[in-house]
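This report refers to the structure that appears directly beneath it.
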2 protein chains.
Amino acid sequence: MSFSVGQVSRLAGVTVRTLHHYDEIGLLTPSERTRAGYRRYTDDDLLRLQQVLLYRELGFPLEEIAVILDEPHSDELTHLRRQHELLRIKSERIREMIAAVERAMEARAMNIRLTPEERFEVFGDFRPEDHDAEVERRWGDTRQYAESRRRVASYTKADWLHLKAEAATITEDLAAAFKAGLPADGQQAMDLAERHRGHISRWFYECSYEIHQCLGELYVTDPRFTATFDAIVPGLADYLRLAIHANATGR
Amino acid sequence: MSFSVGQVSRLAGVTVRTLHHYDEIGLLTPSERTRAGYRRYTDDDLLRLQQVLLYRELGFPLEEIAVILDEPHSDELTHLRRQHELLRIKSERIREMIAAVERAMEARAMNIRLTPEERFEVFGDFRPEDHDAEVERRWGDTRQYAESRRRVASYTKADWLHLKAEAATITEDLAAAFKAGLPADGQQAMDLAERHRGHISRWFYECSYEIHQCLGELYVTDPRFTATFDAIVPGLADYLRLAIHANATGR
DNA sequence: CGTTGACCCTCACGCGACGTGAGGGTGCAC
DNA sequence: GTGCACCCTCACGTCGCGTGAGGGTCAACG
């Protein structure tokens, strides 16, 4: 039982031209031809085609594929094992890219700018060792963070507008309180901190008082957060931190 | 703060030539140039480059990337959401390919040939609906099957030789018993069935008596299994099925 | 102050992996 | 016997860069 170019092309999801090309360059020469010169692909040819397509998917140049498939001491199993490993690595890379996109979305939600390094770390090809550690150091690889990413990724544009509007009014009210000279441990500032906590819980992750305090610290230690608040009124980041602290300990 | 071509190329993991090319075709034109004509990339340029690289990774042609990035009503969020979805799909595809490779390895372990359709289903581009159902129908999407794939994928070449040798002696002994006319429900045949069950448990998955009986049925219903056994001695598949049944019910 | 070395520039040709016809044979079905 | 679907072999085109050639720029070091 053998197959024509058209049948193989439909089966394998490649064009006839591609099969012709692979024949031309000697990568996959059909074992038989009919008297009329029609190519006929056997089962073994299909097996080889499968290997070719897998390696191609993995980004190998065709010439190199020809070499590794013709290595004398290699059999199907060798290739399947190698392909399995390489696919695993590729899958890992894609998952990292997904995480990077989610981080970018969250950064937008927070109104902070990513540094160029953050923006491109996923394209920097490979330094698999310290990478995870670095991400954890900067972002905190916590349960909260994972939950946040999941939720953020599913928001629609309308959700975003809603979220941003809510964040804006809280920040405005906070700025007004600050400018009015209300104490950060006063009732009004504490109420604003509580509204802020609710906002985080609703949109990002379950935010306990302890976590809220950590977040407050982050606002004055991470310059990107500090900048977003202090752009409204200088000193606002620290005012919010104090209000959060008062709200967490004072009830 | 802006960056030279060299700095951007190191940051983003692309060559300088690539940046030149993107400039030539108008995909990414740096916002500034120095008096000497040196390209200077701003933060916004880097943001655009990130989008370009993500869409490129997703297989979009550069011209199309230029179009969708210049759509009037699109902003970063639109793109991030689209990229997120497409990456999810791609990740899914890779996971399917990994599963397909694992199936191919297992098929080799079982000494059965995959049909051409099975070999290429993962390349057939897209028919996401019935696909999972089909895989389940043919392979059974059970816990046992998942375990088997996981274990099989991690075997070394030495493991395989060992496994195959063990399978071969069992099959040989079974063929000998069959040819000697020993009854399938006799003690010797039942012992062979028990050895077979142990073999499956050791190498593939925890094989209870019930599951072993299902496997026995499969050997006579799936023509590919039937063929492997009956190639040794015609009728061997059914003999094994009967021995398994006797071994399962008779103790 | 000159020069060295690391960058940067603009052409411009080359290449890998096919796409896309042109021009023509094959084969079964009605 | 004549469509119609399929197959063949050239052969040129395209996309996304790679790879020099030939030459300017600029901070640093002697």
Side-chain angles (χ1 to χ4, degrees), chain A residues 1-42 45-46 48-70 116 120 123 125, chain B residues 1-42 45-46 48-69 120 123 125:
Chain A
M1 184 177 173
S2 62
F3 304 84
S4 72
V5 271
Q7 290 173 316
V8 174
S9 83
R10 259 161 288 156
L11 245 131
V14 300
T15 67
V16 170
R17 176 68 178 104
T18 300
L19 293 173
H20 285 177
H21 185 57
Y22 292 172
D23 191 0
E24 270 176 41
I25 64 173
L27 175 56
L28 176 64
T29 310
S31 311
E32 302 169 20
R33 291 247 187 170
T34 67
R35 282 162 258 80
Y38 286 19
R39 275 164 259 252
R40 299 257 88 192
Y41 292 84
T42 66
D45 295 336
L46 293 189
R48 188 173 170 101
L49 178 57
Q50 184 196 20
Q51 311 282 11
V52 169
L53 294 183
L54 273 166
Y55 277 124
R56 185 184 71 165
E57 175 81 22
L58 287 164
F60 285 74
L62 299 186
E63 198 172 346
E64 200 168 329
I65 296 178
V67 171
I68 59 186
L69 286 184
D70 290 336
F120 293 108
F123 295 111
D125 287 335
Chain B
M1 186 178 174
S2 62
F3 303 85
S4 72
V5 272
Q7 291 173 315
V8 174
S9 83
R10 259 162 287 157
L11 242 121
V14 300
T15 67
V16 170
R17 177 67 178 105
T18 300
L19 294 172
H20 285 176
H21 185 57
Y22 292 171
D23 191 0
E24 271 176 39
I25 64 174
L27 175 57
L28 176 64
T29 310
S31 310
E32 301 169 21
R33 291 247 186 171
T34 67
R35 283 162 256 80
Y38 286 20
R39 275 164 257 254
R40 300 257 88 193
Y41 292 85
T42 66
D45 294 336
L46 292 189
R48 187 173 170 102
L49 178 57
Q50 185 197 19
Q51 310 283 10
V52 168
L53 294 183
L54 273 167
Y55 277 124
R56 185 184 71 166
E57 175 81 22
L58 287 164
F60 285 74
L62 299 185
E63 198 173 346
E64 198 168 332
I65 296 178
V67 172
I68 59 187
L69 286 184
F120 293 108
F123 295 111
D125 287 334

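Worth knowing before you read on, the calculation uses all heavy atoms, side chains too, and leaves out hydrogens, waters and symmetry mates. A, B, ... follow the sequence lines: proteins, then strands. Residue 1 opens every chain.
A heavy-atom distance below 4.5 Å is not found between the side chains of A:Leu46 and A:Gln50. B:Arg39 has its side chain out of reach of B:Val8: every pair of non-hydrogen atoms, C-beta onward, lies at least 4.5 Å apart.
Side-chain proximity of B:Ser4 to the nucleotides C:dC8, D:dG18, D:dC7 is greatest for C:dC8. Comparing D:dC17, D:dC7, C:dG27 by their nearest atom to the side chain of A:Ala36 picks out C:dG27. Taking every side-chain heavy atom of A:Leu62 into account, C:dC18 is the closest of C:dC18, D:dG18, C:dG19. Listed candidates were C:dC7, C:dG19, C:dT10. Nearest to the side chain of B:Tyr38 is C:dC7. The nucleotide whose nearest atom lies closest to any side-chain atom of B:Tyr22 is, among D:dC17, D:dT9, C:dA17, D:dC17. Distances were taken from every side-chain heavy atom of A:Val5 (C-beta onward) to each of D:dC17, D:dC8, C:dG19; the shortest belongs to D:dC8. When the nucleotides C:dC9, D:dC17, C:dC18 are ranked by their closest atom to the side chain of B:Arg39, C:dC9 comes out on top.
When all heavy atoms of B:Leu28 and B:Asp45 are compared, the pair lying nearest together is CD1-O, 3.6 Å. Across A:Met1 and A:Phe3, no two heavy atoms sit closer than the pair CE-CZ, 3.7 Å. Summarising the geometry of A:Val5 relative to A:Leu19, their closest heavy-atom pair is O-CD1, 3.5 Å, with the distance given to 0.1 Å.
Proximity of A:Ser9 to the phosphate of D:dC6: no side-chain N or O atom is located under 4.0 Å from OP1 or OP2. When the side-chain nitrogen and oxygen atoms of B:Arg35 are compared with OP1 and OP2 of C:dC9, none of them lie within a distance under 4.0 Å. The side chain of A:Arg40 places no N or O atom within less than 4.0 Å of a non-bridging phosphate oxygen (OP1 or OP2) of D:dC7. Proximity of B:His20 to the phosphate of D:dC17: no side-chain N or O atom is located under 4.0 Å from OP1 or OP2. Between B:Arg56 and D:dC17 there is a side-chain N or O to OP1 or OP2 distance below 4.0 Å.
Taking atom CD of B:Glu24 as the reference point, atom P of C:dC11 lies 9 Å away to the nearest angstrom. Rounding to whole angstrom units, CG of residue A:Leu19 and P of C:dC18 are separated by 10 Å. To the nearest angstrom, P of D:dC8 lies 16 Å from NE2 of A:His21. Here C:dG16 presents its P atom at 10 Å from CD1 of A:Ile25, a figure rounded to the nearest Å. The separation between A:Arg17 atom CZ and D:dT14 atom P is 15 Å, rounded to whole Å. The distance between atom CZ of A:Phe3 and atom C1' of D:dC6, rounded to the nearest whole Å, is 17 Å. Residue B:Arg10 contributes atom CZ, which lies 9 Å from atom C1' of C:dC7 at whole-angstrom precision. For A:Asp23 and D:dC8, the CG to C1' distance is 11 Å, given to the nearest whole Å.
Backbone-only contact: A:Thr15 has heavy atoms under 4.0 Å from sugar-phosphate atoms and none from a base.
Heavy atoms of other residues, nucleotides or ligands lying less than 6.0 angstrom from CD of A:Gln7 number more than 12.
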